[in-house]
Amino acid sequence: MKFERREAPYIRPANSVSLVMLQVLVALVPAVAAHVWFFGAGILYNIVVAVIFCAGAEALVMRARGRAPAEALADGSAIVAAVLLAFALPSLTPWWVTATGAVFAMVVAKHLYGGLGYNLFNPAMAGYVVILIAFPADMALWVAPRMGDLDYQHLNALQTLWFTLSGELPSAMSFDTVSRATPLDLMKTGLAGMQTAAEIRAEPLMGDFGGRGWEWIGNFIAIGGIGLMLRKVIRWHIPVGVGIGLLVPATIMYMIDAGSHASPGFHLFSGATLLCAFFIATDPVSAATSTTGRLIYGIGIGLLIYAIRRFGAYADGVAFAVLTMNMLVPLIDRYTRPPIVGHGPEQPG
Amino acid sequence: MTAPTYDLGTLHGGLRLDPHKTESTAARLQQMPVPAQLVLPLTQHVGEPAQPLVGAGDVVLKGQPIAAAGTALGAPVHAPTSGRVLAIEPWPVSRRHGDPAPAIVIESDGLDQAMPIIPGALSYQEYSPEALRAHILDGGIVGLGGAVFPTAQKLAQAVSGPLDMLILNGVECEPYISCDDMLMREHADRVVSGARILLHAIDVERCFIAVESDKPEALLAMAEALGRAADERLILKQVPTIYPSGGEDQLVQLVTNREVPTGGLPSDVGCVVQNVGTAAAVDDWVSRQEPLISRVTTITGPGIAQPMNVEVRIGTRVADLAAFAGGYTDQAAQLIIGGAMTGKSMSTDEVPIVKASNCILLLPAPPPQGPELPCIRCGDCASVCPVRLLPQQLHWYYAADDEAQLREHGLLDCIECGCCDLVCPSAIPLTASFRRAKGRIRELEDEKARAARARRRFENRQQRLATEREERNAELRRQKDNAKRAGPDAIAEIMQRKQRTTDDRKDDLDDDPNDNRDPKP
């Protein structure tokens, strides 16, 4: 009897890229739901716009590269990048702003570098930075959380949709009555204005650790992230590294002078810290590859986030921190190769 | 004497695989009757082919040597039963995935008549270690774990360095294979006896018998056999059930916490590893004069009707063995000899069972699979690599065909265990590509070595010719000087003598520039 020859091993892998991406998306669901609860439906519109433009741009680029669009779209990585980009945006963001970031992320940051697996920079963060610089006014339009005791006007779902499509508020509202500074903005401007950290923390927008609403979204991001760790979709090294890099300097500075520095808890639960630690910095393609390298990569991101928040011009620094460390990845990989078994401890390789 | 203590080491990475052992261990060890025809490939070991000692038409007895060890890494082949040699001809062999290689084909006479036992044979203690090793070679014994390195030569190589222990490998970590498990369950005493003979052959005082933790029956049987033997040099050691703990270097690391150096052998860290089946074969030969003519083989997988372990004569065709095991099911689409991770895929079941054949695995056709995607650098491959390589980086350099970086990143340390393939979300056939890259590097090395040899030969020849020319010129000058001093008579005499010898030297002078001055008139 004749048989077909194949190559060992004969057991097939159970995992797949699309399965990885699907799990990441599922892990983001609780945080997106919390976002809707506190800040309205805006994030859903942003996600829809980002997904349409990411997928559309990817399809067009694949065609331009002479390949089938389905080949790239099937792995789901464009969807993940779109959702992460949308998550980083204010809930009131006009569609063309989101679209600009999405197209840049896919065309320049991802496919000009060769597509999935070859991109040096995190596509979502590259897209975010482009719109942060190109549309600074739009990117400052953060609404206040929907809390009963807070006296702000809120847009309903339809009004938010209209804003997303047209960039115009309902006639009865103005930017001053709907938007509020983010907790990180408050902290930055407050400290610059000679308020103490304790005074700033006493503002009605502030919660137990970070801003009200924000910190709850942070909890749900952490739940999703820990879920991914338990399922071994991500490993602990990068999240822990980001935590160490951010919290160690924050704690030291807070202990030296609590009056003019935000607490470590505030840093952890504000801005995009947790989203970065569990979902953005853990993008394997643009991260370091060995376990030691990943720890160093995470610590570097954490340190840069702290430095930008404390000394930089921007209130948050996640995107710049991630992109900067992306550039250092080849260097980190070069110097953090694990010792091969049998090569002895004294040899580098 | 206090026993030295050894730390248990750990294995980096590895995988917990679905073991699939119970299918073949449900029934007891079976005995397969001698089939009508047996096929004995001349290469059943790592070295050069064995030299046939018989020809077509010869009558042979069971256990009779029919091929002699060819070179230093060869091993003899014995007739597995009595009968007649039909032919020595190319036959599909497992070593070549079903492509043909020379083999001795024997037709059984159904009598299974053995060679007469030599009376008054020595017991193993009466041999010197060296003589015992030579004797083991005569039994045709090679490593039965699948690597088929001739046992005697492996032992001889090991004793050339500082050796302090023998490790018997009863780990059998690959899915589906259970022949060693079954051998230990049913023939633990043979294994223990073989271990003691092996200890004598290498003159060391310690033997660890390593058995995986998922083989409680084998562990119990071995513990009982060790109790009967009451030999305190032998220690049973349970190792964790994790693939690939049964790889030779990995087992050394697990049992002794010593890392076998790159490109080296276990003997570099004082160990020699033998499979439990090999130990039993050594016992059969040394204690009972039965050379290696049968082995325990697992036949299993969804493609076979009655998975089992069976003691089978070397030379039995897989087709005959499959028929004995109830025949194929309609799922049989792939025939693999060895395990599901590292086994060899066959094109035909005409291949015979050889000394290396530990498992006959019949698998269904693999499920259709998505396309290979680009590497997303998730690093799962690196986290399971038992050698602590970075397969994701090797993959990158393989794509770039960068030999220097492949070497730098340890390609040649890859043991081809296949762990990285199994965890890759992009379905990249990493192991196959590393196997190809290693092959290419080895080819390049061979080519370089050949070129270097050719250059050395050429340079030596140039040197030799130059020296000869120099010597000849010196001789001529000396004769001339002598002649001048001796006068015309002597010159005439020398010319005469030269005339006589010229013909003899004609060939040598072909290369010589002095040819221009041909002394012939």
Side-chain angles (χ1 to χ4, degrees), chain A residues 1-21 23 68 70-72 74-75 77 114-119 232-235 237-238 282-291 293-294 329-330 333-334 336-345 347-349, chain B residues 12 17 97-98 175 249 253 259-262 264 319 328 333-336 340-349 361 363 365-367 369-371 373-380 382-383 386-390 392-393 408-410 413 416 418 421-427 429 431-432 435:
Chain A
M1 186 164 152
K2 295 286 169 201
F3 294 89
E4 203 178 325
R5 272 193 214 171
R6 288 173 195 280
E7 284 208 72
Y10 308 98
I11 301 173
R12 300 312 312 167
N15 202 1
S16 71
V17 175
S18 45
L19 195 61
V20 168
M21 297 297 169
Q23 293 182 83
E71 210 180 298
D75 62 46
S77 60
L116 179 71
Y118 299 97
N119 47 303
K232 295 194 169 166
V233 175
I234 60 172
R235 313 259 160 185
H237 307 84
I238 291 175
T282 50
D283 163 38
V285 174
S286 55
T289 192
S290 70
T291 48
R294 286 177 173 178
V329 159
D333 281 348
R334 189 182 164 84
T336 56
R337 276 157 49 191
I340 299 171
V341 171
H343 280 249
Q347 291 193 25
Chain B
H12 179 264
L17 299 168
H97 301 264
D249 294 359
Q253 201 176 334
E259 281 186 12
V260 177
T262 174
Y328 301 119
Q334 298 183 75
L335 171 62
I336 288 131
M341 295 296 288
T342 64
K344 285 183 170 177
S345 175
M346 299 295 136
S347 57
T348 168
D349 62 1
L361 176 57
L363 291 179
Q369 199 191 332
L373 290 175
C375 167
I376 58 166
R377 290 163 46 88
C378 65
D380 285 358
S383 64
V387 195
R388 239 188 270 122
L389 299 176
L390 297 172
Q392 73 274 44
Q393 303 293 83
E408 172 71 19
H409 281 73
D413 291 295
E416 299 174 27
D421 277 49
L422 256 64
V423 296
C424 181
S426 296
T431 308
R435 204 180 290 129

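Chain letters run A, B, ... following the sequence lines, proteins first and then strands; every chain starts at 1. The structure presented is a predicted model; accordingly, all values stated were derived computationally and were not measured.
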Residue pair [X] / [Y], side-chain heavy-atom distance below 4.5 Å:
X	Y	result
Ile340(A)	Arg388(B)	no
Asn15(A)	Val423(B)	no
Asp413(B)	His343(A)	yes

Which atoms of [X] are under 4.5 Å from chain B, going by heavy atoms: the side chain, the backbone, both sets, or neither?
X	result
Asp333(A)	side chain
Ala287(A)	backbone
Ala74(A)	neither

Select, from [options], the one with the greatest count of heavy-atom pairs under 4.5 Å involving chain A.
options	value
Cys424(B), Pro429(B), Pro366(B)	Pro366(B)
His12(B), Met341(B), Glu416(B)	Met341(B)
Gln393(B), Glu259(B), Lys344(B)	Glu259(B)

Item to complete: Could you point out which residue of Leu422(B), Leu17(B), Ile336(B) forms a side-chain contact (heavy atoms from CB on, under 4.5 Å) with Pro9(A)?
Response: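 With Pro9(A) as partner, side-chain contact (heavy atoms from CB on, under 4.5 Å) holds for just one option, Leu422(B).
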Worksheet item: Non-hydrogen atoms of chain A under 4.5 Å away: do they reach the side chain of Val260(B), the backbone, both or neither?
Response: backbone
Worksheet item: Considering only heavy atoms, which portion of Leu373(B) lies under 4.5 Å from any heavy atom of chain A: side chain, backbone, both, or neither?
Response: side chain
Would you say the side-chain atoms of [X] pair up with the backbone N or O of [Y], donor to acceptor, closer than 3.5 Å?
X	Y	answer
Arg235(A)	Ser383(B)	no
Tyr10(A)	Gly343(B)	yes
Arg6(A)	Gln334(B)	no

Worksheet item: Do you know which of Asp75(A), Thr291(A), Val285(A) has the most heavy-atom pairs with chain B at a distance under 4.5 angstrom?
Response: Val285(A)
